[in-house]
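Quick notes on the structure that follows.
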Amino acid sequence: MANQPAAAKTAITPRRDEDFPEWYQQLIRAAELAEPSDVRGCMVIRPWGYGIWENMQRRLDAMFKATGHVNAYFPLFIPLSYMQKEAEHVEGFAKECAVVTHHRLDIGPDGKMRPAPSAELSEPLVVRPTSETIIGATYAKWVQSYRDLPILINQWCNVVRWEMRPRIFLRTTEFLWQEGHTVHESEAEAREETKRMLDVYETFVRDYVAVPVFTGEKSESERFPGAVQTLCIEAMVQDRKAIQAGTSHFLGQNFSRASGIQFQTRDGKQEFGWTTSWGMSTRMIGTLIMAHADDDGLVLPPRIAPTQIVIMPITPKEETRAAVLEAAEKLAAELRRVSYAGAPVEVQVDRRDLGGGVKSWEWIKKGVPIRVELGPRDLESGNVAVTRRDQPVKSKEFLLTADFVSRAAAMLESIQQNLFDRAKEFRDANTRTIDTKEEFYDFFTPKKADKPEIHGGFALAHWNGSREVEEQIKADLKVTIRCIPFGASEAGTCPFSGAPSPQRVVWAKSY
RNA sequence: CGGGGUGUAGCUUAGCUUGGUAGAGCGCCUGGUUUGGGACCAGGAGGUCGCAGGUUCGAAUCCUGUCACCCCGACCA
């Protein structure tokens with residue numbers, strides 16, 4: 001039975017509740033998002049997955065521009081000595097750096113290619129794990145006066161962090177991201193920028209990826225190496241774990257001191273600049289998958305979907321084939337004249353000569369928001385058969401073609417909203433306020449130790465601010481503080497230490 | 001990097017204990033019938049059984065090493 005997909009009840013095997021990590025991998029393959037490559041820890045992002053990334057880029061980039069940022073590009077290679085400039089920073093990244101030591105290959109005594117011993121670099125180059133240091137060195141040259149500030153630059157690029165345990169989109173050795181790097185005249189302005197960009201991420205994830213997040217600050221132990229303060233957005237995915245979906249760092253003067261970013265102030269003094277950095281990566285695709293996908297495949301929020309509506313012409317008879325195809329193209333053209341979320345609706349006509357079922361399931365697995373079937377019978381009745389991906393797979397609504405066209409944008413938006421509502425409902429249902437150590441430990445302990453079921457969630461519990469408590473809980477339960485939320489100032493008692501606590505924090509197992 | 005597991009066709013896998021030279025389902029190709037929710041018939045292609053040694057007349061099968069992947073732990077976006 002297991003090897004007869006035709007008999008399977010769901011398109012993805014195993015189901016989420018059977019084996020979540022395996023489901024995740026199977027889904028990525030079934031939806032043709034990405035695949036493992038021959039290079040350990042690195043992935044091939046396939047066109048459908050890359051299309052999602054392009055949409056994320058497009059939307060985020062527009063938001064960066066709207067907040068006054070511009071794009072630039074800095075080198076992939078960072079001189080080793082630059083990495084050493086900021087003590088905490090080196091320490092944080094040293095264990096996961098790829099290092100380039102040679103600039104030429106030759107043939108060795110055994111007849112095989114090797115890095116030419118005569119071509120060793122005088123200073124090794126680190127493949128950027130992040131670009132604070134090399135951008136800092138550049139900014140140091142650009143900044144002389146307060147008049148040169150602020151600098152508000154972003155770059156879209158790849159970075160490399162050598163990973164022990166890669167998982168596609170969530171943790172790969174090479175990944176794509178954007179990193180914003182800014183310099184400001186004052187601490188207040190830099191802190192404001194840090195918060196502003198966190199808000200951009202929150203808005204983006206909410207309005208486009210349709211995922212609700214907690215926003216707040218990281219505890220010291222989870223902070224970016226070298227940062228004074230790390231802000232983050234934390235989402236919950238369907239196995240109830242937390243995933244950090246974006247971070248924004250206030251770097252104080254740590255990096256400007258390390259890189260020599262100095263300027264003359266309004267009153268003629270020399271001061272180090274106040275810097276920030278902020279990033280969001282292809283991990284967001286993994287977040288999207290785990291937040292919305294179901295046992296039949298991916299479910300895409302319309303605003304991020306590379307194709308929002310797929311039209312499947314049904315051509316059972318040769319006599320009607322041409323007419324159906326023509327009607328399909330005509331419908332596509334009409335839909336493309338519809339505007340949704342500030343752009344023409346993305347429509348695709350799937351003319352491939354495949355069995356109707358096979359074709360439908362392909363698009364179900366890929367998560368296209370709306371599927372439309374158009375056949376000879378519809379030509380006579382003036383209908384189209386419409387199925388929403390957020391509704392059961394077999395549900396089908398027959399609409400007059402003109403009605404569908406006029407309602408398409410609203411339907412897409414309804415799906416977008418529904419996905420957000422579902423994700424929020426799920427998160428809220430699995431977020432619990434906890435006041436005792438017993439309940440906390442119970443919440444995060446699976447019933448079946450040998451094969452843990454999906455359990456836990458977010459726990460809102462008090463914390464006295466001590467690192468010992470954090471470490472003990474991490475050691476006992478693998479649960480960490482995901483963020484110290486903004487604006488929650490309810491004082492109480494830390495259930496772990498009995499000490500006073502200024503506020504509740506968000507605890508969870510995480511990716 | 002430590003513990004556990006798995007490597008047989010694109011995918012899922014049988015065969016391994018008890019050595020005798022590889023089989024299935026799905027997918028793929030060709031032709032035909034089909035097509036409104038994972039079609040059917042007929043024919044066909046595709047595997048140095050992860051890799052390297054060893055034992056043996058003979059290895060997918062036994063032994064050693066090695067590599068990759070997955071799960072758990074430490075680290076992280």
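Residue numbering restarts at 1 for every chain, and letters A, B, ... go by the order of the sequence lines.
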Legend entry - A/Lys509 side chain to A/His455 side chain, donor-acceptor N/O pair below 3.5 angstrom: yes
Legend entry - Minimum-distance nucleotide to A/Gln25 side chain [options: B/C75, B/G38, B/C71]: B/C71
Legend entry - Under 3.5 Å donor-acceptor pair, A/Arg171 side-chain atoms to B/C76 base atoms: yes
Legend entry - From CA spacing to verdict: ring-ring contact (aromatic ring centres under 6.0 Å, His included), A/Phe444, A/Phe440: CA-CA 7 Å; A/Phe444 286 115; A/Phe440 188 93; 5.0 Å; yes
Inset, instruction - Ignoring backbone atoms, test whether A/Lys218 places a side-chain nitrogen or oxygen under 4.0 Å from the OP1 or OP2 oxygen of B/A77. - result: no
Inset, instruction - Answer yes if the side chains of A/Ser277 and A/His181 hold a donor-acceptor pair under 3.5 Å, and no otherwise. - result: no
Legend entry - Minimum-distance nucleotide to A/Pro21 side chain [options: B/G38, B/A77, B/C71]: B/C71
Inset, instruction - Would you tell me whether A/Arg389 and A/Thr387 have side-chain atoms, one donor and one acceptor, within less than 3.5 Å of each other? - result: no
Legend entry - Toward the 5' end of RNA chain B, by each residue's nearest nucleotide, A/Phe398 or A/Lys95: A/Phe398
Inset, instruction - State whether a side-chain donor-acceptor pair under 3.5 Å links A/Asn71 with A/Asn154. - result: yes
Inset, instruction - Could you work out the separation of B/A14 and B/U8 based on their P atoms and round it to a whole Å? - result: 10 Å
Inset, instruction - Taking Watson-Crick and G-U wobble pairs with both distances under 3.5 Å, convert RNA chain B into its dot-bracket string, 5' to 3', dots for unpaired and | for cross-strand pairs. - result: (((((((..((((......[..)))).((((((.....)))))).....(((((..]....))))))))))))....
Inset, instruction - Remember a base hit wins even if backbone is also touched, and classify A/Pro376 as base, sugar-phosphate or nothing at under 4.0 Å, heavy atoms. - result: base
Legend entry - Sugar-phosphate only, base, or nothing, as touched by A/Phe175 at under 4.0 Å among non-hydrogen atoms: base
Inset, instruction - Could you tell me whether A/Lys478 contacts a base, only the sugar-phosphate backbone, or nothing, with contacts defined as non-hydrogen atoms closer than 4.0 Å? - result: sugar-phosphate
Inset, instruction - Would you indicate what A/Thr172 reaches in the nucleic acid, counting non-hydrogen atoms under 4.0 angstrom: base, sugar-phosphate, or nothing? - result: base
Legend entry - Contact nearer the 5' end of RNA chain B, comparing A/Val358 with A/Trp177: A/Val358
Legend entry - Rounded interatomic separation in angstrom, taking CH2 from A/Trp361 and C1' from B/G36: 15 Å
Inset, instruction - Mind checking A/Thr387 for me? I need base, sugar-phosphate or nothing, with any heavy atom below 4.0 Å counting as a touch. - result: base
Legend entry - Any side-chain donor near an acceptor of the partner, A/Gln229 and A/Thr194, under 3.5 Å: no
Legend entry - Sugar-phosphate only, base, or nothing, as touched by A/Val393 at under 4.0 Å among non-hydrogen atoms: base
Inset, instruction - Identify whether any heavy atom of A/Arg29 sits under 4.0 Å from a base atom; if not, whether one sits that close to sugar-phosphate; answer base, sugar-phosphate or nothing. - result: sugar-phosphate
Inset, instruction - Check the pair A/Phe64, A/Trp278 against ring-ring contact (aromatic ring centres under 6.0 Å, His included), reporting the backbone distance first and the verdict last. - result: CA-CA 11 Å; A/Phe64 295 157; A/Trp278 25 275; 5.1 Å; yes
